[in-house]
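These notes are about the structure you will find just below.
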Amino acid sequence: MENNVNQNAEVQNAVNTALKEQKKKKKKKTWIIIAIVAVILILIVAISGGDSEETSVSGENASQSVDAEKDVVADGKIGDYVCKVKSASICKDWVGEDAVKVVYEFTNNNSEPQSFDGALEINLYQDGVGLETTFTSSDDDSSIYDVEIKNGVTKEVIKYYVLRDKTTPIEVEITELFSFDDTKITTTINL
C-alpha cells in the first residue's frame with residue numbers, strides 16, 4: 001500500500017510539474033504576442049511620421065483671423081476637400097442662448113460622393129474649451145442639411161455653436177475625418 005501512495009505522489013508531482021511548464025509556455029507565448037504587437041505599433045508610428053506635433057496647412061490660407069458678421073477669407077485644401085469659413089455671425093439658438101452661426105463653403109474633390117460631416121471634423125474652441133453644436137428655431141435654411149455632393153461640387157453648409165461668451169475669439173480647427181495625416185486648417189473668429 002505504501003508503494004501505491006508513493007506512486008500516486010510521484011504521478012501527482014509529474015502532473016503538477018507538467019501543468020507548471022504549460023503555464024510558463026502560455027505566459028511566454030502571451031509576452032511574445034505582446035512584444036510583436038508593440039513592435040508593429042512602433043513601426044506604424046515611425047512610418048506615419050512619428051512626431052506628435054500638429055502640422056498646419058502651409059500657405060497664406062493656413063491660419064486666418066476673421067471678424068464675426070463679416071466675410072471670412074479663410075480657406076484651405078485638406079485631403080480631397082476644400083473648406084472655407086465663409087462667414088460668422090452672432091445669433092440666438094433655439095432656447096435663446098448666445099450662439100455663433102458659421103457658414104462654411106465645402107468642395108468635394110474626392111472621386112466618391114461625400115457629405116461635409118462625413119468628410120471633415122470641425123472643432124470650435126473658446127479659451128481652449130470646445131463649443132457644442134446647436135440649432136435655431138428658424139432652421140428653415142436648406143444649407144443646414146448635410147447631404148452628399150459629387151466630385152467637383154461646392155455647397156454652402158451652416159452650423160450653429162453655443163458661445164461661452166460674446167467677446168472671446170473662437171478658434172476653428174478643420175481636419176479630415178478619416179486620415180492618418182495630422183494636417184489641419186485653423187481659423188480664428190474675432191467676435
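Below, each value reflects all heavy atoms present in this structure, side chains not excepted, and no hydrogens, waters or symmetry copies. Please read all numbers here as calculations on a predicted model, not as lab measurements. Quick note: residue numbers are just sequence positions, from 1.
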Could you state the interatomic distance from CG (D182) to OG1 (T175), rounded to the nearest 0.5 Å? 9.5 Å
Show every salt bridge (Lys or Arg N to Asp or Glu O under 4.0 Å) that has at least one partner inside residues 109-120, sequence neighbours left out. D117-K159
Parallel, tilted or perpendicular: which fits the ring planes of Y161 and Y104, with parallel below 30° and perpendicular above 60°? perpendicular
Say whether, by atom type as modelled, one donor and one acceptor occur between the side chain of D93 and the main chain of V95 under 3.5 angstrom. yes
To the nearest 0.5 angstrom, please state how far the OH atom of Y160 sits from the CZ atom of F135. 11.5 Å
Closest non-hydrogen atoms of E173 and K184, given as atom of the first, atom of the second and distance, are OE2-NZ, 3.3 Å
Nearest atoms (heavy-atom pairs only) where G76 meets I185: O-CD1, 3.4 Å
As a test of understanding, state which of L131, N123, T186 forms a side-chain contact (heavy atoms from CB on, under 4.5 Å) with E171. T186
Measure the shortest side-chain to side-chain distance between I174 and V85 over non-hydrogen atoms and say whether it is less than 4.5 angstrom. yes
Euclidean distance, E105 CD relative to K84 NZ, rounded to 0.5 Å: 4.5 Å
Residues forming a ring-ring contact (aromatic ring centres under 6.0 Å, His included) with Y81, sequence neighbours excluded: F106
Shortest non-hydrogen contact from L120 to E176? CD2-CA, 4.1 Å
Taking all non-hydrogen atoms of both residues into account, name the closest pair between V103 and I158 and its distance. CG2-CG1, 4.0 Å
Test: E97 and K92 ion pair at under 4.0 Å: no
Report yes or no: does E132 contribute a side-chain atom to a donor-acceptor pair with the main-chain N or O of V162 at less than 3.5 Å? no
Side chain to side chain, T168 and L191, heavy atoms closer than 4.5 Å: no
Y125 with L163, same ILVMFWY side-chain cluster at under 4.5 Å: no
Is it true that D165 and T167 share a donor-acceptor pair across their side chains at a distance under 3.5 Å? yes
Interatomic distance, CG@L124 vs CZ@R164, rounded to 0.5 Å, equals 13.0 Å
Atom of G118, atom of L177 and distance for their closest heavy-atom approach: O-CD2, 3.6 Å
Is there a donor-acceptor contact under 3.5 Å from the side chain of N151 to the main chain of N109? yes
Any sub-3.5 Å donor-acceptor pair from N110's side-chain atoms to D80's backbone N or O? no
Take F116 and I122 through the side-chain contact (heavy atoms from CB on, under 4.5 Å) test and state the conclusion after the steps. CA-CA 10 Å; F116 177 81; I122 311 293; 3.6 Å; yes
pair T188-V172: side-chain heavy atoms closer than 4.5 Å: no
OG1-NZ distance between T107 and K155, expressed to the nearest 0.5 angstrom: 12.0 Å
Are any non-hydrogen side-chain atoms of I149 and Q114 less than 4.5 angstrom apart? no
Interatomic spacing from OG1 in T134 to NZ in K101 - rounded to 0.5 Å: 14.0 Å
For C91 and T136, work out which heavy atoms get closest and say how close. SG-CG2, 4.4 Å
